[in-house]
Amino acid sequence: MLGKKAPEPGYDDFWQEYEEKTGEKILTRGLGKYVSGWDNFDKNKWSGIWGLVITSSGGFRFHHFPQNSWIDAFTSFIKSPAPKEKTIFIPREKITSSEYIKETKWWKKLFNYLPPQLVIKYTDDAGSEKRLRFLVEYSGKQPPVL
């Protein structure tokens with residue numbers, strides 16, 4: 001049929017494809033800002049990057065997708081390396097605890113608002129306990145399940 005476009009992949013298609021790619025069932029998902037706790041990110045000063053915060057049947061994932069701003073497009077004549085995806089994955093068996101911290105007092109929310117935080121304690125390959133911190137926004141009121 002003339003003039004009719006094929007439907008573009010949607011929101012549900014993205015998550016179905018993500019599950020197929022990882023081979024894990026997604027339990028919760030949201031948007032998060034990395035704060036601290038992952039050695040490679042801290043070493044490269046990547047705190048403050050945004051990405052998907054995903055709890056799956058296999059563990060915890062943070063997935064930052066490359067992005068370009070209008071400033072990048074305007075200055076594209078300067079050769080710089082292409083942005084790369086950045087990911088964190090912690091297998092479920094390495095996670096020792098998780099805490100979802102959300103302010104409940106209305107007056108504190110009004111005068112000193114901070115987005116909810118997700119703190120994940122895990123053991124690294126050397127057996128040391130580490131703490132990951134994110135500022136998170138989950139759709140609805142679903143906290144992470146770990």
Side-chain angles (χ1 to χ4, degrees), residues 1-76 79-106 108-125 129-146:
M1 309 202 192
L2 278 174
K4 223 175 193 188
K5 287 176 150 179
E8 291 189 28
Y11 181 79
D12 292 331
D13 295 331
F14 171 82
W15 288 110
Q16 183 177 0
E17 186 179 312
Y18 201 90
E19 282 184 344
E20 289 170 2
K21 187 171 122 181
T22 61
E24 300 170 359
K25 175 80 176 137
I26 293 176
L27 305 174
T28 60
R29 59 187 184 239
L31 181 64
K33 181 179 179 182
Y34 171 79
V35 177
S36 65
W38 194 254
D39 291 339
N40 188 35
F41 280 35
D42 293 342
K43 180 179 70 179
N44 289 302
K45 297 182 172 124
W46 290 338
S47 72
I49 63 173
W50 289 88
L52 297 175
V53 178
I54 304 164
T55 306
S56 69
S57 58
F60 172 81
R61 295 178 187 279
F62 173 75
H63 197 137
H64 168 78
F65 292 92
Q67 60 210 16
N68 285 320
S69 68
W70 66 271
I71 294 172
D72 296 327
F74 184 68
T75 60
S76 64
K79 292 290 181 190
S80 61
K84 294 187 168 64
E85 289 184 27
K86 297 168 184 60
T87 60
I88 293 173
F89 175 67
I90 303 171
R92 183 172 287 284
E93 58 272 6
K94 297 234 179 208
I95 298 171
T96 56
S97 69
S98 67
E99 185 178 10
Y100 183 64
I101 305 165
K102 184 174 182 177
E103 186 55 62
T104 56
K105 294 184 173 77
W106 69 268
K108 283 190 177 181
K109 285 192 226 179
L110 183 62
F111 295 112
N112 191 23
Y113 178 74
L114 272 176
Q117 292 185 49
L118 176 61
V119 178
I120 299 173
K121 291 183 182 176
Y122 67 99
T123 54
D124 65 8
D125 292 336
E129 186 171 272
K130 302 277 189 160
R131 266 175 48 148
L132 269 177
R133 267 189 31 179
F134 296 90
L135 300 178
V136 295
E137 290 294 338
Y138 286 94
S139 57
K141 298 193 187 273
Q142 60 181 14
V145 178
L146 295 173

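None of the values given here were measured: they were computed from a predicted structure.
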Within the structure provided, determine whether V119 and L132 are in side-chain contact (heavy-atom separation under 4.5 Å). no
Salt-bridge present (E99, K121; N to O < 4.0 Å): no
Under a 4.5 Å cut-off applied to non-hydrogen side-chain atoms, are K94 and D124 in contact? no
Exercise: identify the closest heavy-atom pair between F89 and G58: CZ-O, 3.7 Å
Quick check: closest heavy atoms across Q117 and L135, and the distance to 0.1 Å? CG-CD2, 3.6 Å
Main-chain N/O of K86 paired with H64 side-chain donor or acceptor, under 3.5 Å: no
Residue pair K33 / G48: nearest heavy atoms and the distance that separates them: CE-CA, 3.5 Å
Atom pair CD (E93) and OG1 (T123), whose distance is rounded to the nearest 0.5 Å: 9.0 Å
Do the side chains of K102 and Y100 get nearer than 4.5 Å, heavy atoms only? yes
Would you check, one step at a time, whether the test side chain to side chain contact (heavy atoms under 4.5 Å, CB included) holds for L31 with V136? CA-CA 6 Å; L31 181 64; V136 295; over 6 Å; no
Could D39 and K130 be called an ion pair, given the rule that one side-chain N must be under 4.0 Å from one carboxylate O? yes
So, using ring pair (Phe, Tyr, Trp, His ring centres under 6.0 Å) as the criterion, who are the partners of F62 when residues are at least two apart? F134
Can you confirm whether V35 sits close enough to F41 that some side-chain heavy atom of one is under 4.5 Å from a side-chain heavy atom of the other? no
For G37 and Y122 the tightest heavy-atom approach is O-OH, 3.0 Å
Do the rings of F65 and H63 sit parallel, tilted or perpendicular, given the 30° and 60° boundaries? parallel
So which atom in L118 and which in V53 form the shortest heavy-atom distance, rounded to 0.1 Å? CD2-CG1, 3.9 Å
Do the side chains of S56 and R61 get nearer than 4.5 Å, heavy atoms only? yes
Mind running side chain to side chain contact (heavy atoms under 4.5 Å, CB included) on I54 and T28 for me, showing each step along the way? CA-CA 6 Å; I54 304 164; T28 60; over 6 Å; no
Could you tell me whether the side chains of Y34 and D42 share a donor-acceptor contact shorter than 3.5 Å? yes
Taking every non-hydrogen atom, the tightest pair across S57 and R92: O-NE, 3.3 Å
Hey, mind stepping through W15 and L52 against side chain to side chain contact (heavy atoms under 4.5 Å, CB included) and telling me if it holds? CA-CA 11 Å; W15 288 110; L52 297 175; 3.7 Å; yes
Any donor-acceptor N/O pair, E19 side chain to I26 backbone, under 3.5 Å: yes
